[in-house]
**Student:** 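I have a structure I would like to understand better, so I am pasting it below and will then ask my questions one at a time.
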Number of protein chains: 2
Amino acid sequence: MDQFRMPPSRSARETVYAQLRDRILSLDLPPGTALSEKEASLSFGVSRTPVRESFVRLAQEGLVQVLPQRGTFVSLIDSELVEEARFMREQLERAVIRLACESFPAERLVALEDNLRAQRESMARQDDKRMFELDEAFHRTIFEGCRKLNTWAVLQSMNVHLNRSRLLRLVTDHAWSHLYAQHERMAQAIRDRDAETADRVMKEHLTLSITDLSMLKMKYPHYFQ
Amino acid sequence: MDQFRMPPSRSARETVYAQLRDRILSLDLPPGTALSEKEASLSFGVSRTPVRESFVRLAQEGLVQVLPQRGTFVSLIDSELVEEARFMREQLERAVIRLACESFPAERLVALEDNLRAQRESMARQDDKRMFELDEAFHRTIFEGCRKLNTWAVLQSMNVHLNRSRLLRLVTDHAWSHLYAQHERMAQAIRDRDAETADRVMKEHLTLSITDLSMLKMKYPHYFQ
DNA sequence: ACTACCATACTTGTATGGTAGTATGGAACA
DNA sequence: TGTTCCATACTACCATACAAGTATGGTAGT
């Protein structure tokens, strides 16, 4: 009889955590910003306890740095970490698409094709936000077809350090048609079981989509370590 | 004038976290065990707060599962997660050793050789514990030489799910001489800049060192999901 | 003018009591 | 015998109070 969905009503900790995370990733809370348990608890209207527990989680993900008895600060961007995140993503995505060329469920292949169709429509509408979602879903579907969803989850936590902002995203925003073409070629390679092509396209795809950090470092030096 | 080292005196949270983690990984707290904030706080002699915060960290690492208002339990071993952890480790270690064959600092190569010498000595002494440490240090040194220490750190957190115990370890214990021989060949391949050999040996090395889970699943079915 | 000191207002760390949801065992009932 | 209900004893969640370390600005002494 529970056809009525429970009210979302996540725990206070979850709410605080999710919102802080969003604000950090969107640079609404820029690197270096001082946080404060008390201040946060007041603005969220909860006690310090759930705020503290959120800080513990964020600290473990490397998004904030807690200095005992001094304060809690949004982490500066660590270029080495960003580069390694890119490295890991490249290696794992290439390995998985090679797997996909060995065996891939037909039904997931259909999902890729549906996704490509949706990408064309979103491009026509210049709906960038939707394109981001579809881009992510496209890659996710490949992992799904290879039964590597845990790997995908790990990659997502890496991405936290890659797109610590829409800054990095904005640079790629204007290359949608290029990225779409690569997606097309990937899907085709999986159909053709052509691992070599798939691997090559994926490598290009991922090296292109990551911008040179040095530019950002010049523009926002105080955001970096 | 601070030539005297500070007493370690980690925070209560850190202490509780580290010990719980150890006990879970060593199967001293087997999968499925019910934990309790209150019980843990009593046994550690601290209040529930640092215990709760430890639980938050452990939950994020997937070592415990918190069911609101029901209890906190040591996570069951997820075979899919274990297999994917193995997969990720293989891909990343192979990618890094290929990098090492392109360029590797002479000084780190010396470290590898010193490590190999120490491995020979430990094998002679049948010092398994030391061999584990040296094995780990060997792989770590390769990552270090490629400036991929963050990647190594990520791998370490994967390993949590791989060796959720010395059970898996024990199986490999008797193959030290084989593993040592592979280490030798890896170091040689790095010296020779022979990426193909290095990649092949590393692949064998990692597929061999991981035991078939199904055996463990048979023996301890209630530890698995 | 400069330095050492110290009160004060922060910060995070820890302890504890109360709240609400959940499992369980026994009693009442069919 | 089998089922339903409910008191009770748990659980994690949250709020609050206190403890302890740190930065800062003012003040007294040199």
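Throughout, protein chains are lettered first and strands after them, A, B, ... in sequence-line order, and every chain is numbered starting at 1. As a basis for the values below, the full set of heavy atoms in this structure was taken, side chains included, without hydrogen atoms, waters or symmetry mates.
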**Student:** Name the stems with DNA chain D in them: runs of three or more consecutive Watson-Crick or G-U pairs, distances under 3.5 Å?
**Tutor:** C:1-30 with D:1-30

**Student:** Please report, rounded to the nearest Å, how far the C1' atom of dT11(C) is from the CD atom of Gln65(A).
**Tutor:** 15 Å

**Student:** With sequence neighbours excluded, what pairs up with Ser36(B) under the side-chain contact (heavy atoms from CB on, under 4.5 Å) test?
**Tutor:** Lys38(B), Glu39(B)

**Student:** Under the rule for side-chain contact (heavy atoms from CB on, under 4.5 Å), what residues qualify as partners of Pro30(A), not counting sequence neighbours?
**Tutor:** Thr33(A), Tyr223(A)

**Student:** Between P on dT12(C) and CG on Leu58(A), what's the gap in Å once rounded to a whole number?
**Tutor:** 13 Å

**Student:** Collect all protein-nucleotide pairs involving nucleotides 8-12 of chain D in which both atoms are nitrogen or oxygen and the distance is under 3.5 Å.
**Tutor:**
unit_1  : atom_1 : unit_2   : atom_2 : d
dT11(D) : OP1    : Ser36(B) : OG     : 3.4
dA12(D) : OP1    : Thr72(B) : OG1    : 3.2
dA12(D) : OP2    : Glu37(B) : N      : 3.2
dA12(D) : O4'    : Gln69(B) : N      : 3.4
dA12(D) : N3     : Gln69(B) : NE2    : 3.1

**Student:** Sequence neighbours left out, what passes side-chain hydrogen bond (donor to acceptor under 3.5 Å, both in side chains) with Glu121(B)? Give chain and number order.
**Tutor:** none

**Student:** Separation of Arg10(A) atom CZ from dC14(D) atom P, in whole Å?
**Tutor:** 12 Å

**Student:** How long is the line joining CG of Leu42(A) and P of dA15(D), in whole Å?
**Tutor:** 12 Å

**Student:** Applying side-chain contact (heavy atoms from CB on, under 4.5 Å), can you list everything that pairs with Gln225(A), at least two apart in sequence or on another chain?
**Tutor:** Leu76(A), Asp78(A)

**Student:** Reckon Thr49(B) has a side-chain N or O less than 4.0 Å from the OP1 or OP2 of dT14(C)?
**Tutor:** no

**Student:** Using the ring pair (Phe, Tyr, Trp, His ring centres under 6.0 Å) criterion, which residues pair with Phe55(B)? Sequence neighbours excluded.
**Tutor:** none

**Student:** With Gln91(A), which residues qualify under side-chain hydrogen bond (donor to acceptor under 3.5 Å, both in side chains), at least two apart?
**Tutor:** none

**Student:** Report yes if at least one side-chain N or O of Ser47(B) is closer than 4.0 Å to OP1 or OP2 of dT14(C); otherwise report no.
**Tutor:** no

**Student:** Identify, with sequence neighbours excluded, every residue that meets side-chain hydrogen bond (donor to acceptor under 3.5 Å, both in side chains) alongside Asp127(B).
**Tutor:** none

**Student:** His139(A) vs His183(A) aromatic rings, parallel, tilted or perpendicular, using cut-offs 30° and 60°?
**Tutor:** perpendicular

**Student:** Whole angstroms only, please: what is the OH-C1' distance between Tyr17(B) and dG13(C)?
**Tutor:** 19 Å

